[in-house]
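Worksheet for the structure shown next.
This chain uses plain numbering: 1 for the first residue, then up along the sequence.
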Amino acid sequence: MKILITGATGFIGSRLCEILSQAGHTLTALSRDGATAQRKVPHLQEAFSWDPLTASPPAEAFTDVEAVIHLAAESIAGRWTDAKKRAIRESRIVGTRNLVEGLSKLSSRPKVLISASAIGYYGDRGEEMLTEDASPGADFIGKLCQEWEREAAKAQDVGMRVVRLRTGLVLGPDGGALQAMLPLFKLGLGGPLGSGRQWWPWIHRDDAVGLIVYALEKSNLSGPVNVTAPQTVRQKEFAHVLGRLLRRPAFIPAPALALKIVLGELSSELLASRLAISRRAQEMGYRFRFAELEPALRDILVALFSASSVTLA
């Protein structure tokens, strides 16, 4: 089919384009700079320039498009100043609103919208098990995700199937959260963040992409989907496994107060506990390539260090 993607140059989007292209789909993209996107992602047949904060996308971008995958959003990494929080919020809410408004104006529109959200939807929930039916959180990210999903869900009003992807910590070899962690762990400075007892819902990037493709193909799947691996782990276990694979100690704690001083409000995301369960994906029959943490991390680290002198445990 012909598929339109936003966020095609990103950590997940670039890999998704590769996989979809290999499967024979025709890909086009919406990007702030269409020419740059097309240079960066050779799998794109065409890319259209679009500023998601100012207007609906150009109608010609949707010609013959059967599905839209909306991944574009400002990264939450970095200190959350007022300006940063505004950019995080507007990129998601205003961008999604403008996209759906553009879709609503079409005389012939795609059948499905698959739209990004985040596991932060649930807020900090301690030991509570979180399936897709769980209530939302009341913190900044929780409220943001509610609004974000609400804008995407409006596409249902014009007859589109809508899938909302509540994505956890995505792990891969060339970006994402792991890229920020590795320098400290390689120095033997990794370890528990705060108490380390908080649940960290993670997923290998290939499974995150796999679930997007699965949502594309499953015409009876709609609504929220937790994009997380079946084996959610506590943060200190995550640190222990990563340290062991790298043959480095992983016991130096980073106190919660120190994280708050250094990272500000962003520290709340690292310290939040979300025991999220990918119930819908498993009930629908999705088969995870990486259901457990150690094989997932090993696969990524082998890809990263295959040409270097680093030896894994």
Side-chain angles (χ1 to χ4, degrees), residues 11 74-82 84-85 88-89 117-131 134-146 166-172 175-204 208 226-278 292-294 296-297 300-301:
F11 174 56
E74 172 80 12
S75 171
I76 67 168
R79 196 170 185 86
W80 287 1
T81 62
D82 288 344
K84 175 70 172 178
K85 289 173 72 173
I88 290 171
R89 186 178 185 279
S117 183
I119 214 71
Y121 175 94
Y122 302 109
D124 184 358
R125 303 292 278 271
E127 299 296 306
E128 182 181 353
M129 188 174 293
L130 303 169
T131 67
S135 60
D139 58 1
F140 170 68
I141 292 293
K143 291 178 179 178
L144 169 65
C145 288
Q146 291 175 67
R166 294 176 183 164
T167 305
L169 188 72
V170 182
L171 308 176
L178 195 59
Q179 187 177 53
M181 296 180 204
L182 279 176
L184 285 175
F185 275 85
K186 285 193 287 186
L187 291 171
L189 300 176
L193 302 179
S195 71
R197 289 187 52 77
Q198 64 270 32
W199 291 102
W200 266 21
W202 62 275
I203 190 165
H204 191 294
N226 286 346
V227 182
T228 59
Q231 184 204 53
T232 298
V233 299
R234 297 190 190 273
Q235 189 275 326
K236 63 180 179 181
E237 182 182 352
F238 185 103
H240 172 74
V241 173
L242 180 55
R244 180 163 50 79
L245 288 173
L246 292 170
R247 300 177 184 269
R248 298 291 189 274
F251 58 82
I252 299 175
L257 180 58
L259 288 171
K260 290 174 183 177
I261 292 171
V262 173
L263 299 176
E265 198 173 349
L266 174 60
S267 65
S268 62
E269 284 299 290
L270 300 177
L271 298 170
S273 181
R274 301 176 181 120
L275 181 50
I277 307 299
S278 53
E292 298 181 351
L293 180 63
E294 182 168 338
L297 286 176
I300 293 164
L301 295 174

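Here the straight-line distance linking atom CZ of Phe238 with atom CG of Leu297 works out to 5.0 Å at 0.5 Å rounding. Here the straight-line distance linking atom CD1 of Ile88 with atom OG1 of Thr81 works out to 8.5 Å at 0.5 Å rounding. Ile119 CD1 to Leu169 CG: the interatomic distance, rounded to the nearest 0.5 Å, is 11.0 Å. Between the CG atom in Leu193 and the CE atom in Met181 there is a gap of 8.0 Å [rounded to 0.5 Å]. The line from CZ of Arg79 to NZ of Lys84 is 13.0 Å long, rounded to the nearest 0.5 Å. Note: Ser135 OG to Leu130 CG = 8.0 Å, rounded to the nearest 0.5 Å.
Looking at Asp124 and Gln198, their side chains never come closer than 4.5 Å, going by heavy atoms from C-beta outward. A 4.5 Å side-chain heavy-atom check between Leu242 and Leu182 finds at least one atom pair inside the cut-off. Here the side chains of Val227 and Val170 are not in contact, with every heavy-atom distance at 4.5 Å or above. Residues Arg125 and Leu275 fail the side-chain proximity criterion, which asks for heavy atoms closer than 4.5 Å.
Partners of Trp199 under the ring-ring contact (aromatic ring centres under 6.0 Å, His included) rule, at least two apart in sequence or in another chain, do not exist in this structure. In this structure, Tyr122 has no ring-ring contact (aromatic ring centres under 6.0 Å, His included) partners at least two apart in sequence or on a different chain. Remark: Phe140 pairs with Trp80 by the ring-ring contact (aromatic ring centres under 6.0 Å, His included) rule, at least two apart or across chains. Residues forming a ring-ring contact (aromatic ring centres under 6.0 Å, His included) with Trp202 (at least two apart in sequence, or on another chain): none.
Within a 6.0 Å sphere centred on NZ of Lys143, heavy atoms belonging to other residues, nucleotides or ligands number 12 at most.
For residues 229-241, the pairs satisfying side-chain hydrogen bond (donor to acceptor under 3.5 Å, both in side chains) are Glu127-Arg234, with sequence neighbours left out. For residues 257-276, the pairs satisfying side-chain hydrogen bond (donor to acceptor under 3.5 Å, both in side chains) are Lys85-Glu265, Glu269-Arg274, with sequence neighbours left out.
Nearest heavy-atom pair across Gly120 and Cys145 is C-SG, 4.2 Å. Here the shortest heavy-atom pairing between Thr228 and Pro201 reads CG2-CB, 3.7 Å. Between Pro249 and Phe251, the closest heavy-atom pair is CB-CE2, 3.3 Å. Residue Ala239 comes nearest to Phe185 through the heavy atom pair O-CE2, 3.4 Å, listed as atom of the first residue, atom of the second, then distance. Ala250 approaches Pro192 most closely through the heavy-atom pair O-CD, 4.0 Å.
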Stepwise side chain to side chain contact (heavy atoms under 4.5 Å, CB included) test for His204 and Leu171: CA-CA 5 Å; His204 191 294; Leu171 308 176; 5.5 Å; no
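The backbone N or O of Ile277 sits less than 3.5 Å from a side-chain atom of Asn226, completing a donor-acceptor pair. Judged by distance alone, with hydrogens and angles left aside, the side-chain atoms of Arg197 form no donor-acceptor pair with the main-chain N or O of Ser195 at under 3.5 Å.
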